[in-house]
Amino acid sequence: MDECNSPLSPTALVYKLRGELMELAEYLDESQQRIVKMFCDVLFNNRTAISDSTTLLPLEAALYVIQIEEHRNMNHEISELHTRMDEQMHLIQELTSTIEELKKRLNDKT
């Protein structure tokens, strides 16, 4: 098998995909370009899985991996929001208790 027909290594394949994605990114705004660059990092970290995928084209496998990463990130952000909401609810309950206690003290004085 000559070198032109040999399959790409996982790293070379991801660099090829990165090049294709960055060509697309040139038409996007700066914030979208940063997202594409982040996706390229995700692809690099999952290059073996993308390369070993025999039933998908490399770009399809790459998009699948990106979607999984985005889902994971979204779940993490949602969990953080829930934690913050719980903290805020606790603060509201404390403030409500304090207000009620102050009202009681005020009523007791009058």
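Numbering of residues begins at 1 and proceeds along the displayed sequence.
- Leu21 approaches Val36 most closely through the heavy-atom pair O-CG1, 3.9 Å.
- Atom CZ of Arg18 has 12 or fewer heavy atoms from other residues, nucleotides or ligands within 6.0 Å.
- Residue Met89 belongs to a hydrophobic cluster whose other members are Ile92, with links defined by side-chain heavy atoms closer than 4.5 Å.
- His82 is linked by a side chain to side chain donor-acceptor pair (under 3.5 Å) to nothing, counting only residues two or more places apart in sequence or in another chain.
- To the nearest 0.5 angstrom, Met22 atom CE is 13.0 Å from Tyr15 atom OH.
- When the side chains of ILVMFWY residues are joined at heavy-atom separations under 4.5 Å, either directly or via intervening members, Leu24 and Phe44 end up in two distinct hydrophobic clusters.
- Summarising the geometry, atom CG belonging to Asn73 is positioned 5.5 Å from atom CD belonging to Glu70; distances are rounded to the nearest 0.5 Å.
- The minimum heavy-atom distance linking Lys16 with Leu8 is given by the pair CD-CD1, 3.6 Å.
- Summarising the geometry, atom CG belonging to Asp52 is positioned 11.5 Å from atom CZ belonging to Arg47; distances are rounded to the nearest 0.5 Å.
- The structure places NZ of Lys37 at 8.5 Å from CZ of Arg34, a figure rounded to the nearest 0.5 Å.
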- Message: Go through it in stages, so that I can follow the logic: the residues are Gln67 and His71, the test is side chain to side chain donor-acceptor pair (under 3.5 Å), and I'd like the CA-CA distance, side-chain angles, deciding distance and then a yes or no.
- Response: CA-CA 6 Å; Gln67 184 64 39; His71 181 76; 5.8 Å; no
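- Rounding to the nearest 0.5 Å places CD1 of Ile66 at 9.0 Å from CG of Leu17.
- Salt bridge absent: Lys104 and Glu101 never bring a charged side-chain N and a carboxylate O closer than 4.0 Å.
- The shortest heavy-atom contact between Leu43 and Val14 is O-CG2, 3.7 Å.
- Using modelled atom types, no side-chain atom of Glu23 and backbone atom of Glu20 make a donor-acceptor pair closer than 3.5 Å.
- Considering only heavy atoms from C-beta on, His90 stays 4.5 Å or farther from Asp86 through its side chain.
- Glu80 CD to Ile78 CD1: the interatomic distance, rounded to the nearest 0.5 Å, is 11.0 Å.
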